[in-house]
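Worksheet: one structure, shown below.
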Amino acid sequence: MKTVLLFLLVFLAQIGSAETFKPYTPDSLKKGDWVVIESVNYYPYIAPGLKEEVPWRAENIRRITIRGTVTDINAKTLTMDYTLENVYDCRNDKENPGFSYFDSRYMQDLVVEENEAGKLIARFTYDRKSGKTKTFKKEDYLYTYTMAYIPFGVRGTGMPANSTDIGADDIKFDRFSTFLFDNFPAKWEKDGTIRLTPDARIVDASFELPPNTEFTVSNFSFEASKDSTVHKKIFIAYPTDYKVGERMTLLLTPGDSIIQDKELYEKTHNMRYMGRGSEQNNFQYSFVRFANIYESDIRNLDFDSPDQMKKDFQSRNALFQAALENDDFKNMDPYWKKVFERSEQYFEGMLVLMRYMKATDKEAWHKSGLLDWQAPHFASVNPLIDFAYSTKKPFATCYYSFLYGYSLYKKQELKSDNLCLNKEKELTPQENYLLNKQIFSGFPQYVINEATLGSIMYDSMLSEIEEDYNDFISSCPDTSLTNILTSAYNKFLPFEAGRNIRESGLMIVDNLKLKKEATGNISCYFYRHREAFPHRDSKTRLIFRNALNQMGYHPPYGSNYTPNSPIIMPIG
C-alpha cells in the first residue's frame, strides 16, 4: 500500500512539474538565443473606437520591432547584437478622411531609402554577474521611409495600390539604443519577466516566456463521462483566436483570466464565461440571444431585392448595436468591440458585391444606393490595416471573404471596361494571380494570392505554376501564408504526373483497384486517369474522403468543393 501511495505521489509530482513554468534567466542563455523587442510610439490623435493606448492597435501608432541575439558568451561576459526587424507606422489625419501608412514588410509597395532588414543597430557586451553594460557600440544608422496617404474605405478605383506619397520620415536608432538596451540582463526578474521601458515589451523569444494569460474551460466532447476541463497559462503578445480542442475557440487578449461556467453548460448547453476577457467570448457564443445577428440572419435576407436588403441591413444594424450596448457587453475591451464592428461591415460589403455581380438588373442596385463606396459597409472598412481586427473562426472570417469578393468584382469590372480582355473567356489562374498583384497591395495581396495558388494546385500540375509559386514564396513576408502554401506543395509533389501512386505512401492505395502503372495527380485522377478507377462507386469515394480527412484536407476559400462533391480534390 505504501509503495502504491509513493508511486502515486511521485506521479502527481511529475505531472505538476510538467505543467509548472520554469523561468528562463540570463544564466540560462546560450549562443544563438534571441528575443524580439517591440518599441511603440502613440500619436496624440486617438483613432475612433480605440481610446486606450494598447500596443496592438492598428491606428495612430508606430511600432519598431528589434531582434536581440546572443552572439558571444563566456564565464564573464555576454554579447548581444540588436538588429532591425520591422517598422510599422500608421497615423490618422485630422483634416483628411484617411491615414498615413508605412509597413517595411511590404517594401515593394512603399518607398524605403537605402535600408536593409537585419541591419545592425547596436552591439552591447554585459557583465554576466551584475547584468550591467561593460561596452557598447551604436551604429550611426538613420532609417528613412516615405509615408503613403491611404483614404478611408474602399473606392471604385480599387485598393490603394497607387497611393500618394506624402513625405519622408526617419528613425535615428542611436537616440534610444542606450536606454532600451542598456543593462538588459539586469532588467530580467527571477520569474522570467523582462522589464523594459514603459513603451517597450518582449513579444517573442527562442525560449518560453512567462505566461500572461490564463483560462479554465471545458473542451466538451461527445463522451459526457469524461471530465475535459482544460486549465492553461500561456504567453501571447497580441489578441488572438486560441483553439481549445476541436470544438472551441477562445478570443484572448494579453492579461485575460477567463473561467467558464461549466455547470451552466452541463444543464443548459449555454456558454458563459467569467473574469477578465469574458465579454468578447460571451458575445461570440451568445448571438442566439439577439435574433439574426450572425449566420442565422443569412436565411432571412432577401438577396434578390436590393431595396429589401437595405431594409434588412437597417434592422440587422439596430439589433447589433443593441447587443453591443447590453449590460453584459458594454465593458468589452475596445479592441474586440472593433473586431465585431469590422466583421459586421465586411459581411454587409461582401453580400452587396456578390449579389450585385450576379444580378441581371444592375441599375436597380445602383439606384438603391447599396453599391455606394461611401456607404457604411464600404466607407467604414480599411482593407490594408483591418486584418489586425480579423478573426479566423469559421463563419466569421468576413474580412477574408470580403477581399475575395472584392477581387472578383474588380476583375469583372476590368473585363467589362477593357477591350483587350476577352469578355467571354474565363481568366486563367495565372491571369488571376497577376491581376491580384495589380488590384491589391500589402497583406491583402498576399492572402488572396495564397488562396489563388492553393486553388490552382487542386486542379493543375505543380509544374504549371512553378514560376508563380516561386514568386510568391520569395516575395511574401508573412510566414503564416508561405508555410500553408509550402505544406500543400510538398503534399502534392508525390502525385505529380509521371509518379507512381503506389509509391506515395498512402495507406488507401491497397484498397483501390489501381492499374499497375497508375500515375498522376490525385486532384485530377477522375478526369485524367479514369482508366485507373474502373469502379468509381460510393465505397471508393468514401475511402478517398476518409483519406483526405485523415491528412488534414481543407479546400482553399473560393473552391467549388462541397460536402457532397465527387472526390476529385487533392490532399491539402
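Just the heavy atoms: all of them, side chains too, but no hydrogens, waters or symmetry mates, feed the values below.
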Heavy-atom donor-acceptor pair, N382 side chain to G153 backbone, under 3.5 Å: yes

Once the angle between the rings of F181 and Y82 is folded into 0 to 90°, is it parallel (under 30°), tilted (30 to 60°) or perpendicular (over 60°)? parallel

Side-chain (D256) to main-chain (T253) donor-acceptor, under 3.5 angstrom: yes

Would you say that more than 12 heavy atoms from the other residues, nucleotides or ligands in this model lie under 6.0 Å from the NZ of K311, or not? no

Going by an N to O cut-off under 4.0 Å, is there a salt bridge joining K338 and E59? yes

Kindly say whether N41 contributes a backbone atom to a donor-acceptor pair with the side chain of D199 at under 3.5 angstrom? no

Ignoring hydrogens, what is the shortest heavy-atom contact between R57 and Y43? Give both atom names and the distance. NH2-O, 4.1 Å

Does the N326 side chain pair with the main chain of D328, one donor and one acceptor, at a distance under 3.5 Å? yes

Does S206 reach the main-chain N or O of W34 with its side chain, forming a donor-acceptor pair under 3.5 Å? yes

Taking D468 for its side chain and Y433 for its backbone only, find out whether a donor-acceptor pair lies under 3.5 Å. no

ring-ring contact (aromatic ring centres under 6.0 Å, His included) partners for F387, two or more places apart: F443

My understanding is that only one of E431, K411, Q445 makes a side chain to side chain donor-acceptor pair (under 3.5 Å) with N436; could you say which? K411

Give, for atom CE of M271 and atom CG of N281, the distance between the pair rounded to the nearest 0.5 Å. 10.0 Å

For K233 and E214, work out which heavy atoms get closest and say how close. CE-OE2, 3.3 Å

Is the backbone of L370 close enough, under 3.5 Å, to the side chain of H377 for a donor and an acceptor to pair up by distance? yes

Between the main-chain N or O of A58 and the side-chain N or O of Y389, is there a donor-acceptor pair closer than 3.5 Å? yes

Salt bridge or not for K437 and D471, using N-O below 4.0 Å? yes

Using modelled atom types only, decide if a donor and an acceptor are shared between the side chain of R63 and the backbone of W56 within a distance under 3.5 Å. yes

Parallel, tilted or perpendicular: rings of W365 and Y356 (30°, 60°): perpendicular

With the side chain counted from C-beta on, respond yes when V154 and F402 share a heavy-atom pair under 4.5 Å apart, and no when they do not. yes

Can you find a heavy atom in the side chain of E279 that is under 4.5 Å from one in the side chain of W336? no

Parallel, tilted or perpendicular, as decided by the 30° and 60° cut-offs, for the rings of Y101 and Y88: perpendicular

Do R201 and E38 meet the salt-bridge criterion of a basic N to acidic O distance under 4.0 Å? yes

With distance as the sole test, does R342 use its side chain to make a donor-acceptor pair with the main-chain N or O of S380 at under 3.5 Å? yes

When L324 is tested against each of K330, E344, K337 for side chain to side chain contact (heavy atoms under 4.5 Å, CB included), which residue passes? K337

Among D89, N86, T65, find the residue that satisfies the side chain to side chain donor-acceptor pair (under 3.5 Å) test when tested with S104. N86

Is D312 paired with K310 through a side-chain N to carboxylate O contact shorter than 4.0 Å? no

Does the side chain of R62 reach to within under 4.5 Å of the side chain of I171, using non-hydrogen atoms? yes

